[in-house]
Amino acid sequence: MISSVLPTYARASHAFVRGEGSWLVDEEGHRFLDAGGGIAVSVLGHAHPELVKALKKQADLLWHTSNLYRIPNQERLADLLVEHTFADTVFFTNSGTEATEAAVKMARKYWHFHGNPDRNVIIALKDSFHGRTTTMISASGSAKLTEGFSPLTPGFQQVPPNEIEEVASAIDDSTAAVMVEPILGEGGIKPLSDTFLSDLRQLCDDRDILLIMDEIQTGMGRTGKLFAHEWSGAAPDIMAIAKGIGGGFPLGACLATEKAAAGMVTGTHGSTYGGNPLACAVGTAVMKIVSDQDFLAGVRRRAGYLRQRLEAVVATHPKIFSEIRGTGFMLGVKCRVNNGDFVKAGYDQKLLTVPAGDNVVRLLPPLNISEEELAEAVDRIERTAECLESSCDG
Ligand code: PLP
């Protein structure tokens with residue numbers, strides 16, 4: 001008999017009932033070290049006092065009014081995002097997929113607004129992930145996501161990552177925009193090189209194409225800069241964010257320059273809940289902490305420590321691991337054993353990690369995780385590898 005919850009997820013049996021910083025506590029009281037951060041969401045860990053305070057304060061005042069009225073919390077968060085990024089304006093959503101949807105709609109509307117509605121194709125990358133709506137699985141094009149869901153949404157084409165010539169030759173009179181994740185997350189922590197990103201910016205400028213970045217996973221301090229594209233110096237015209245911005249409260253946003261947002265006039269887009277007072281109260285609290293330069297410097301320092309310790313573990317367990325990829329606290333360890341088996345074996349060590357494509361195990365811990373907790377995570381990763389080795393050796 002089908003379960004009352006539609007069985008679309010391969011869930012582990014653990015059920016967590018409480019969170020404290022970088023730790024999750026299950027129904028039996030076991031404490032797990034959360035090196036997956038709810039898939040890059042819990043940027044400030046669990047039950048951060050500032051976030052709890054912001055949510056409780058707003059909960060006592062007002063939950064919802066709708067976008068029929070001004071929402072001061074939304075305005076405050078938009079101002080902060082504009083202050084700290086390339087963007088001039090922000091549209092709020094409840095999830096990442098809605099943010100990439102808004103980005104694609106905006107790029108198409110831009111060309112419509114400028115009298116060129118046939119410019120509507122978005123070039124995306126192979127192995128990319130932009131969400132699960134019919135349109136966003138069509139953007140990725142990956143068979144794993146699209147199988148059985150045809151007909152797909154037209155207007156997307158895919159090129160290999162890090163190959164600027166392929167992007168250049170894919171651009172024609174129908175191209176509206178190029179859309180990329182600075183590090184392909186679900187695809188297996190595959191970073192785009194700084195050179196590719198700056199060449200892509202140049203190419204988009206030269207050919208008059210909009211550049212969309214999906215920073216849903218890479219953003220909000222995850223790589224040690226507020227947004228990952230800052231490492232390359234190449235800024236997008238439109239950017240989708242989500243995950244970390246709400247620190248666990250559902251929130252996303254589509255940020256844009258005034259130029260790129262030109263077509264998004266009154267009535268062109270909307271959302272009942274997007275930018276709700278509760279979500280924006282939490283988002284503002286997250287943003288105030290994460291956008292601080294000292295906080296980001298701390299992320300880079302502790303991420304450097306994690307990387308260094310992990311490199312040693314990877315080198316001493318060549319039967320289990322082959323390499324480490326990624327930046328900051330967005331790391332992928334490519335495995336020689338099945339990545340799902342590694343994640344499962346980690347549960348026995350009370351360690352939470354996240355599988356990704358290309359047989360990678362992702363480490364996406366809270367950005368405020370301590371050095372001691374990182375040392376503990378590395379020890380647990382090593383113990384997991386040792387367990388798998390002893391059964392590998394049989
Ligand atoms: N884009 C990227 C890069 C993501 O990593 C994700 C989620 O994993 C999404 C889009 C979709 O976000 P959501 O699941 O919040 O709709």
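In listed order, ligands and their atoms are each counted from 1. Numbering starts at 1 and runs along the sequence shown. As the structure is a computational prediction, the values presented were derived from the model and not from experiment.
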What is the closest protein heavy atom to atom 12 (O) of ligand 1, and at what distance does it sit?
-> G96 CA, 3.3 Å
Where ligand 1 meets G131 - atom numbers and elements under 4.0 angstrom, heavy-atom basis | 10 (C), 11 (C)
Please write down residue, atom name and distance for the protein heavy atom closest to atom 1 (N) of ligand 1.
-> D214 OD2, 2.7 Å
R201 with D206: basic N within carboxylate O range, under 4.0 Å = no
Does one side chain, of W63 or Q58, offer a donor that lies under 3.5 Å from an acceptor on the other?
-> no
Would you check whether K243 reaches within less than 4.0 Å of ligand 1, judged by its heavy atoms?
-> yes
Pairwise side-chain contact, L352 with L33, heavy-atom cut-off 4.5 Å (strictly under) = no
Should the proximity of E181 to ligand 1, defined as any heavy atom under 4.0 Å, be assigned to the side chain, the backbone, both, or neither?
-> side chain
Look at atom 14 (O) of ligand 1 and say which protein heavy atom is nearest, naming residue and atom and giving the distance to 0.1 Å.
-> T97 OG1, 4.3 Å
Residues R222 and E215 bridged, charged N to O under 4.0 Å = no
What part of R132 sits under 4.0 Å from ligand 1 if we count only heavy atoms: the side chain, the backbone, both or neither?
-> neither
Less than 6.0 Å separating the ring centroids of F227 and F86?
-> no
Do the charged groups of E311 and R307 touch, with an N to O distance under 4.0 Å?
-> yes
Starting from atom 9 (C) of ligand 1, which protein heavy atom do you reach first, and at what distance in Å?
-> F129 CE2, 3.7 Å
Run down the list M213, M179, H130 and name the one with the heavy atom closest to atom 10 (C) of ligand 1.
-> H130
Atom 5 (O) of ligand 1: nearest protein contact (heavy atom, Å) | Q217 NE2, 2.8 Å
Between R362 and E186, does at least one N-O distance fall below 4.0 Å, as a salt bridge requires?
-> yes
